[in-house]
Number of protein chains: 2
Amino acid sequence: MNVTGHTRRSVSIRDVATAAGVSYQTVSRVINNHPSVKPSTRDRVLAAIDELGFRRNSTALALASGRSRAVTVLTSNTTHYGYASILQGIEETARAAAYSVGVGVLESTDEADEAAIAAQVQRAADSGGGLIVIAYDPAGVRALGAVPAELPVVGVVETPASPPGDDRPWVWADDREAAYEATRHLLSLGHETVHYVAIPSSTRRTSARTTGWQQALREAGAPEPLPLQGSWGPAGGHTAGLQLAQDTDVTAILCGNDDLALGVIRALHEAGRPVPGEVSVAGFDDAPHSAYLTPSLTTVRLDFTGLGRSAFALLHGALEESAQIAPHPVSVPELVVRESSGPPPARG
Amino acid sequence: MNVTGHTRRSVSIRDVATAAGVSYQTVSRVINNHPSVKPSTRDRVLAAIDELGFRRNSTALALASGRSRAVTVLTSNTTHYGYASILQGIEETARAAAYSVGVGVLESTDEADEAAIAAQVQRAADSGGGLIVIAYDPAGVRALGAVPAELPVVGVVETPASPPGDDRPWVWADDREAAYEATRHLLSLGHETVHYVAIPSSTRRTSARTTGWQQALREAGAPEPLPLQGSWGPAGGHTAGLQLAQDTDVTAILCGNDDLALGVIRALHEAGRPVPGEVSVAGFDDAPHSAYLTPSLTTVRLDFTGLGRSAFALLHGALEESAQIAPHPVSVPELVVRESSGPPPARG
DNA sequence: GCCAGGATTGTGACCGGTCACATGGGGCTC
DNA sequence: GAGCCCCATGTGACCGGTCACAATCCTGGC
């Protein structure tokens, strides 16, 4: 019942101690639920705490104990639906565990930001606590690589095919499987093959999504066209779409994310190729607006929030032996069939 | 040149001090650029710092000095484009000022989360440093209200019409003006009036966007229909759109954000009312994908990133007298006319 | 050659907690 | 009733910095 408020200098455990007529250590025991405190004493201390409006100073706690109960999330562009959802999932779980969440944005201005990335990692390391790196894109992957070995870190990665020597814990959604399903869906509609507009790959090698797409094509004995390199936003999809629209053989396109798909559909529209009449398009991620597009978008839903939750749980386990290490379940991607995919046009 | 790496216990200024043969205070002076240190000594200390790979412990700094160089951003749903952009703007500026950014998500589950909101504010307060509350929605507004008076805080608000007695600093984009412009645009195309699908209002009274819309109608002597209450997502727009589609008198609709507009357009499409042929629709915010919709969306662009930057600048000024208080410029909203708005159909 | 006084540098206490260890009382056993 | 052990509590040092003040060095002026 701290009615007075306005305590300029914060009240410390020593203030509480004198108020309760005990030593500061006893107060420390009370706030840490140490068993060996006489109930009557405990009550007295708790009363004093309530009276003075004491709140434990987390900075001092961090300094003295070493553990800071903080996570820093390193990510590029938080405005992308997937990234934002992961962040949301992390925050939610972290909050439940009384952890604070920090954010560091990786400017993915392509080149020369190697130093900037290193600086961000350093900053995150300095602020103590654990680290979660969203490594879906080159900037994230480089950041993950730049994390000093002794720092507790969890990567949210595109594929578990970790680089050699990388034994860091990670979580991932099964992008390969998702792409595989989406591609099979399009093939099952009767398309001869499926083209692919890729998001910037997180690795030098081919991405998980690309792999899943290729696998589906191969199993079906379909021709394997070269993937088109897109960007993250709809603009990249638009460019790629204009290009694909030229080729009348193209009847099905899988896109690395929903934004790309949007751009592709727009380009096809501009080129006079109706979707799904002439060309079918499928996206990736199931962003909230995808269901309301015209045509509504066939896509693969991934549980980003759950991914964030798993990432934190894993980190939490690494940080505190007390926390049980929840196995990081690879959530199964779910194909959502909507209007943008349909059978190919009858052969002319 | 710390080649050894793997310094388990971090090196402190005292370690550096002994290495350089000076006292810890001298080291402190060097890292704080205190003028009165002999150049030769400074060099020796810097060499030792480099040698040992010393990095100043931000936790200890915060504890000892009182200032924590940290900001916590309180916001609901970070997956919304506007919110994520504001966050991005804050992070960017904060990083430049060597501040760390924390995030607290306000679950906007309507009711009874009063306690949850208070808890979030408490958490943010505990983590030290300043606070930025994105108060575009009820949850945010309540959070802003729950911030203890003595805490440095900046609100990102919808309208500067502050509640009585609220003298906290804030930043805002001129939503009223933006809505006014958008409405005038639609009217100028020849529509008799403009209907409005609102986002959940941040205040009990009418929102800034609603006010701007009404003002434009009034000035034009147009009938003033009741605003429809939507939600944040496209689903709400869809519901509202279905309702509006019934009324054939409706030829122009302004929506509280682009997602709502998307849902409205979808609903109109389902109801067989072409956009912009029969009904014109305008959105709000200019989300990245709005330009690529079919039809592309007429909307009002707001500089959310700039808003975030201003918010941080303002807070920074409040936190450090050294930082000059950059005036928080109200960025001018920009009308972006695209395909979704056009003249009303010729009278039958 | 001596002293004032600014330039440098060092010392002790403190921020608000935790940890390791010491100490004072009961209650039990024998 | 002595010896033990455990329960409850207190004391001192420390985490890694900063702040306020004291102490020393060096230099110029007389």
Side-chain angles (χ1 to χ4, degrees), chain A residues 7-46 48-49 52-70 98 100 125-129 320 322, chain B residues 7-46 48-49 52-70 98 100 125-129 320 322:
Chain A
T7 29
R8 203 82 214 95
R9 157 132 354 286
S10 68
V11 309
S12 73
I13 56 169
R14 325 221 177 206
D15 299 330
V16 175
T18 40
V22 295
S23 78
Y24 54 82
Q25 178 62 342
T26 300
V27 177
S28 174
R29 289 200 181 89
V30 169
I31 60 184
N32 287 303
N33 291 318
H34 191 96
S36 68
V37 176
K38 188 157 48 167
S40 65
T41 314
R42 174 184 308 274
D43 290 346
R44 207 142 33 89
V45 171
L46 287 175
I49 286 177
L52 275 58
F54 167 81
R55 310 212 79 219
R56 184 221 242 103
N57 180 322
S58 62
T59 304
L61 173 63
L63 179 59
S65 68
R67 23 198 163 79
S68 65
R69 300 187 83 75
S100 66
D126 285 351
S127 69
E320 305 183 21
S322 67
Chain B
T7 29
R8 202 81 215 97
R9 160 137 345 290
S10 67
V11 310
S12 73
I13 56 170
R14 325 219 176 207
D15 299 330
V16 174
T18 39
V22 296
S23 79
Y24 54 82
Q25 178 63 344
T26 300
V27 177
S28 175
R29 290 201 181 89
V30 169
I31 60 183
N32 286 304
N33 290 317
H34 191 94
S36 69
V37 175
K38 188 156 49 167
S40 65
T41 315
R42 177 185 305 276
D43 290 347
R44 205 141 36 91
V45 170
L46 287 175
I49 286 178
L52 274 59
F54 167 82
R55 310 212 79 218
R56 180 222 242 104
N57 180 323
S58 62
T59 305
L61 173 62
L63 179 58
S65 68
R67 24 200 161 79
S68 65
R69 300 186 82 73
S100 66
D126 285 351
S127 68
E320 305 183 20
S322 67

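In the text below, chain A, chain B and the rest are named by the order of the sequence lines, each starting its count at 1. All values derive from a computational prediction rather than experimental measurement.
Residue Arg42(A) is tested with Thr26(A), Val37(A), Val22(A) for a side-chain contact (heavy atoms from CB on, under 4.5 Å); the sole match is Val37(A).
When each of Pro35(B) and Leu63(B) is assigned the nucleotide of DNA chain C bearing its nearest heavy atom, the one mapping closer to the 5' terminus is Pro35(B).
Across all strands shown, Ser36(B) has heavy atoms under 4.0 Å from base atoms, whether or not it also approaches the sugar-phosphate. As judged by a 4.0 angstrom heavy-atom cut-off over every strand, Thr59(B) is placed among residues making no nucleic acid contact.
Considering only heavy atoms from C-beta on, Asn32(B) comes within 4.5 Å of Arg56(B) through its side chain. Looking only at side-chain heavy atoms (C-beta outward), Arg44(A) and Lys38(A) stay at 4.5 Å or farther from each other.
Contact record, Ser68(A) with Gly129(A): OG-N, 2.9 Å, taken as the closest heavy-atom pair. Residue Leu63(A) comes nearest to Ala60(B) through the heavy atom pair CD1-CB, 3.9 Å, listed as atom of the first residue, atom of the second, then distance.
One distance of note links CZ of Arg55(A) with OG of Ser10(A); it measures 11.5 Å at 0.5 Å rounding.
Rounded to a whole Å, the NE2 atom of His34(B) is 12 Å from the C1' atom of dG6(C).
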- Message: Base contacts versus sugar-phosphate-only contacts with protein, heavy atoms under 4.0 Å: please encode nucleotides 17-24 of chain D as B, S and - from 5' to 3'.
- Response: BBBB----
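Phosphate proximity of dT9(D) to Thr41(A): present, with a side-chain N or O under 4.0 Å from OP1 or OP2.
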